[in-house]
2 protein chains.
Amino acid sequence: MELTELETFLKAAGDGSRLKILQQLTSGPVCVCDLTPLVGLTQPAVSQHLKRLKDAGIVTGEKRGRWTFWSLDQLHPLHDIMVGLLSRVPAPGRTVADLEAAGEKGCCGV
Amino acid sequence: MELTELETFLKAAGDGSRLKILQQLTSGPVCVCDLTPLVGLTQPAVSQHLKRLKDAGIVTGEKRGRWTFWSLDQLHPLHDIMVGLLSRVPAPGRTVADLEAAGEKGCCGV
DNA sequence: ATATCATATAAGCATTGACTTATGCATCTG
DNA sequence: CAGATGCATAAGTCAATGCTTATATGATAT
């Protein structure tokens, strides 16, 4: 692995909002509209973060109907390390699962 | 470990010049004047990178005479992970050891 | 077909970041 | 002591980043 590749990975992961997104993705695929309330940003902001993560090869997006479901890309050479790092951080206040448990149905109804 | 702490770590490590510095530090303490030719920047630039790394708790500097010797801080909670990441990257073209082997004595004469 | 919904992209703006040169401050050396 | 050396800090510049609002695209629903 080249130094610039490691740099790209670290730069992409080194952002609070993106870390929140990645943390949520460790629980499985999520669509943008479910991530938006989680990170407290507008939808375009979340999409841009996802693009950054995608360009770094950390996540992949699968279009299904109207929605794009984002997941951690398990093929990334540092995937396991990323998951390991995220596991050290306490779960966020409100995960997508929490929102659903509270009756606040996710936008994509999954 | 809090999310912001992880973010600080990733931001500090997510820079090519700083990665080169960290890579060199895995071989032991080095002074600024030896790092400067290695990263190809001016001395103030290197000092500023070191400050950034120090503020993140990744490195420590020990003043000895005229020189400051910088090392990886083994007390950092992510020290081992950092070393693991750096080990994935091929060694730079010219390490401090190489410079010395070529007869180019380090500035601090160590 | 028309409207709606989920998402992506574009443009603009404020902030941060990474450098440079210039300078200050210790510490050694002659 | 005077000068040189190693390093840190200050100030200024330019590019990159993270947001916003506005808009385009494409799929679904009516």
Side-chain angles (χ1 to χ4, degrees), chain A residues 3-4 7-22 25 29-56 58-71 96 99 104-110, chain B residues 3-4 7-22 25 29-56 58-71 96 99 104-110:
Chain A
L3 188 134
T4 55
E7 182 185 358
T8 298
F9 169 81
L10 293 170
K11 274 182 152 62
D15 175 88
S17 298
R18 288 195 288 272
L19 284 176
K20 286 183 193 167
I21 291 173
L22 291 171
L25 295 191
V30 183
C31 59
V32 179
C33 49
D34 274 342
L35 287 172
T36 302
L38 205 78
V39 298
L41 292 176
T42 61
Q43 172 266 315
V46 174
S47 278
Q48 284 159 12
H49 280 306
L50 286 165
K51 173 170 169 45
R52 188 85 148 75
L53 293 170
K54 178 189 172 189
D55 289 346
I58 301 178
V59 306
T60 51
E62 182 202 350
K63 296 202 70 168
R64 214 183 306 162
R66 274 196 272 208
W67 301 284
T68 306
F69 287 84
W70 294 92
S71 326
V96 168
L99 294 176
E104 302 178 20
K105 265 285 181 99
C107 61
C108 45
V110 181
Chain B
L3 189 133
T4 56
E7 182 185 359
T8 298
F9 169 81
L10 294 170
K11 275 182 152 62
D15 175 86
S17 300
R18 290 196 287 273
L19 284 176
K20 286 182 193 168
I21 291 174
L22 291 170
L25 295 191
V30 183
C31 58
V32 178
C33 48
D34 274 342
L35 287 172
T36 302
L38 204 80
V39 298
L41 292 177
T42 61
Q43 171 266 314
V46 174
S47 278
Q48 284 159 12
H49 280 306
L50 286 166
K51 173 168 167 46
R52 189 89 147 72
L53 292 170
K54 178 188 172 190
D55 289 347
I58 300 178
V59 306
T60 51
E62 182 202 350
K63 294 202 72 169
R64 214 183 307 163
R66 273 195 274 208
W67 301 285
T68 306
F69 287 84
W70 294 91
S71 326
V96 169
L99 293 176
E104 304 177 20
K105 265 283 183 97
C107 61
C108 44
V110 181

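Computed over heavy atoms, backbone and side chain alike; hydrogens, waters and symmetry mates excluded. Every value quoted in this text rests on a predicted model; they were computed, and no experiment measured them. Sequence lines set the chain letters: A, B, ... in the order given, protein chains first and strands last, and positions in each chain run from 1.
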Rounded distance (Å) that lies between atom [atom2] of [N] and atom [atom1] of [X]:
X     : N      : atom1 : atom2 : answer
A:R18 : D:dA16 : CZ    : C1'   : 12 Å
B:L10 : D:dT17 : CG    : P     : 15 Å
B:D15 : D:dT17 : CG    : P     : 11 Å

Boundaries of the chain B footprint along DNA chain C (any atom under 4.0 Å from a heavy atom) =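 The contact span of chain B on DNA chain C goes from C:dG17 to C:dT29.
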
key: With sequence neighbours excluded, residues passing side-chain contact (heavy atoms from CB on, under 4.5 Å) with A:K54   =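 A:V59, A:W70.
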
Report all side-chain donor-acceptor pairs from residues 10-19 of chain A shorter than 3.5 Å, counting only partners two or more places apart or in another chain.
| residue | atom | partner | partner atom | Å |
| --- | --- | --- | --- | --- |
| A:K11 | NZ | A:E7 | OE2 | 3.1 |
| A:K11 | NZ | B:G14 | O | 2.8 |
| A:D15 | OD2 | A:S17 | N | 3.0 |
| A:D15 | OD2 | A:R18 | N | 3.0 |
| A:R18 | NE | A:A12 | O | 2.6 |
| A:R18 | NH1 | A:H49 | ND1 | 3.0 |
| A:R18 | NH2 | A:K11 | O | 3.3 |

So which atom in [X] and which in [Y] form the shortest heavy-atom distance, rounded to 0.1 Å?
X     : Y     : result
B:P29 : B:F69 : CB-CB, 4.2 Å
B:V39 : B:K20 : CG1-CB, 3.9 Å
B:Q43 : B:V32 : CG-CG1, 4.1 Å

request  = Output all residues satisfying side-chain hydrogen bond (donor to acceptor under 3.5 Å, both in side chains) with A:K51, sequence neighbours left out; order by chain, then residue number.
outcome  = A:D55

side-chain hydrogen bond (donor to acceptor under 3.5 Å, both in side chains) against B:T8, all qualifying residues, sequence neighbours excluded =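 side-chain hydrogen bond (donor to acceptor under 3.5 Å, both in side chains) check on B:T8 returns nothing, list empty.
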
request  = Would you mind classifying the nucleic acid contact of B:R64 as base, sugar-phosphate or nothing, using non-hydrogen atoms under 4.0 angstrom?
outcome  =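 No contact at all - B:R64 keeps every heavy atom at 4.0 Å or more from the nucleic acid.
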
request  = Could you run through nucleotides 1-14 of chain D and give me one letter per nucleotide, 5' to 3': B if any protein heavy atom sits under 4.0 Å from the base, S if only the sugar-phosphate is that close, - if neither?
outcome  = ----BSBBBBB---

message = Taking salt bridge (charged side-chain N to carboxylate O under 4.0 Å, His left out) as the definition, give me every residue that meets it alongside B:R64, ordered by chain and number, with sequence neighbours left out.
response =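 Only B:E62 meet the salt bridge (charged side-chain N to carboxylate O under 4.0 Å, His left out) criterion with B:R64.
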
